[in-house]
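Below, chain A is the first sequence line, B the second, and so on; all start at residue 1.
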Amino acid sequence: MNSPEAVRAVVEELKALYPDGICSLHYQKDYELLFSTRLSAQCTDERVNQVTPTLFSRFPTLEALANADVAEVEEIVHSTGFFRAKARDIVAASRMLLDEYGGKVPNTMDALLKLPGVGRKTANLVLGDIHHTPGVVVADTHCIRITGRLGFTDGSKDPVKVEQQLRAILPPEESNDFCHRMVLHGRAVCMARKPDCASCTLRPWCDFYNGGDGQ
DNA sequence: ATCCCGAGGG
DNA sequence: CCCTCTGGAT
């Protein structure tokens, strides 16, 4: 049920539920968000936040990361999983940021996707949170699952299709915060395995709850 | 066994 | 489209 009224109601209810708490990854500098997001692949934000203080204090600048020993980075990020690829990507991307982008995190999807280890999800997060680009949709695992359950999408798991469908129904100035709230709601209430529909205040507009199949 | 704010390669 | 990369929590 993706009527404009339902979408507006859900957007407002989410604002009431999660007034601030927009990004749950801890970071100070722009590139720190970029690399924290790389580390968050198939890993909880909580665990990422446990390793990034060590990583960014051991290598406190982009230059330090670019010249870092990959094995040492691997050790620091080991517990986040996929540690070999993540460590390699962080060092290589640091070099590319310095060599080709003047040490600044680029502000276009095209440039971001050229960075090693940066895919669509990370690029969208950076565009929204660092560059405040309007109309950004971060179609991550929580966003895809919850908007699918709500009936805001056709149930597709393809991030590009979900992005397009959500961009079509969300106000551009709301879309980025909406996606962050999907993450918060996905952790607290609308979990993948056992969604807590009993405590969910989005029930009135949720296909999964109201539909005949799910619950 | 399944999931966690994925990315890259075939 | 598929597969692989990887550890930790439930």
Assign each of A:A41 and A:D158 to its nearest nucleotide of DNA chain C by heavy atoms, then name whichever residue's nucleotide is nearer the 5' end.
-> A:D158

Closest to the A:S79 side chain, choosing from C:dT6, B:dC5, C:dG8 | C:dG8

Nearest-angstrom distance from the residue atom CG of A:L113 to P of B:dG8 = 8 Å

Stacking between A:F82 and the base of B:dG6 (centre distance under 5.5 Å, interplanar angle under 30°)?
-> yes

Indicate yes or no: does A:E163 engage A:R167 in a salt bridge with an N to O separation below 4.0 Å.
-> yes

Using the P atoms only, state how far C:dC3 lies from B:dT2, rounded to an integer number of Å.
-> 15 Å

Within the pair A:T37 and B:dC5, is there a side-chain N or O less than 4.0 Å away from OP1 or OP2?
-> no

Could you state the atom-to-atom distance from NZ of A:K86 to P of B:dA7 in whole Å?
-> 10 Å

Check whether any side-chain N or O of A:T122 sits under 4.0 Å from OP1 or OP2 of B:dC5, and answer yes or no.
-> no

Can you tell me if CD on A:E100 sees more than 12 non-hydrogen neighbours from other groups inside 6.0 Å?
-> yes

A:I146 atom CD1 is separated from B:dC3 atom P, nearest whole Å, by 14 Å

Under 4.0 Å between any heavy atoms, over every strand shown, what does A:G81 touch: base, sugar-phosphate, or nothing? Just pick one.
-> base

Where the side chain of A:C23 is concerned, which of B:dG6, B:dC5, B:dC4 is the nearest nucleotide?
-> B:dC5

Value in whole Å for how far the P atom of C:dT4 lies from CZ of A:F83 | 18 Å

What is the distance, rounded to the nearest whole Å, between atom CG of A:L39 and atom P of C:dT6?
-> 14 Å

Is any N or O donor-acceptor pair between the side chain of A:H142 and the base of B:dC4 shorter than 3.5 Å?
-> no

Quick one: label A:P116 by what it contacts on the DNA or RNA (base, sugar-phosphate, nothing), any heavy atom closer than 4.0 Å.
-> sugar-phosphate

So, is A:R193 near the phosphate of B:dA1, with a side-chain N or O under 4.0 Å from OP1 or OP2?
-> no

d(CD, A:E74; C1', C:dG7) in whole Å = 14 Å

Taking the side chain of A:H78 as its heavy atoms from C-beta onward, which of B:dG6, C:dG7, B:dC5 lies nearest to it?
-> C:dG7

Presence of A:R47 side-chain N/O under 4.0 Å of C:dA9 phosphate oxygens OP1/OP2 = yes

May I ask you to say what A:L25 touches in the nucleic acid, namely base, sugar-phosphate or nothing, with a heavy-atom cut-off under 4.0 Å?
-> nothing

What is the distance from CG of A:L112 to P of B:dG6, rounded to the nearest Å?
-> 17 Å

Test A:C143 against A:L166 for side-chain contact (heavy atoms from CB on, under 4.5 Å), laying out the working first.
-> CA-CA 10 Å; A:C143 179; A:L166 292 181; 3.6 Å; yes

Honestly curious: do A:V10 and A:V189 fall in one hydrophobic cluster under the side-chain, below-4.5 Å linking rule?
-> yes

When you compare B:dC4 with C:dT6, how far apart are their C1' atoms, in angstrom units rounded to a whole number?
-> 12 Å

Using a heavy-atom cut-off of under 4.0 Å over every strand shown, decide if A:V48 touches base, sugar-phosphate, or nothing.
-> nothing

Identify the residue among A:L97, A:N67, A:V105 that makes a side-chain contact (heavy atoms from CB on, under 4.5 Å) with A:L62.
-> A:L97

What nucleic acid atoms does A:R145 come within less than 4.0 Å of, heavy atoms only: base, sugar-phosphate, or nothing?
-> sugar-phosphate

If the plane angle is over 60° it's perpendicular, under 30° parallel, otherwise tilted; pick one for A:F178 and A:F152.
-> parallel

Nearest-nucleotide comparison on DNA chain B, the residue closer to the 5′ end among A:Q42 and A:L115 | A:Q42

Could you state the atom-to-atom distance from CD1 of A:I76 to C1' of C:dG7 in whole Å?
-> 17 Å

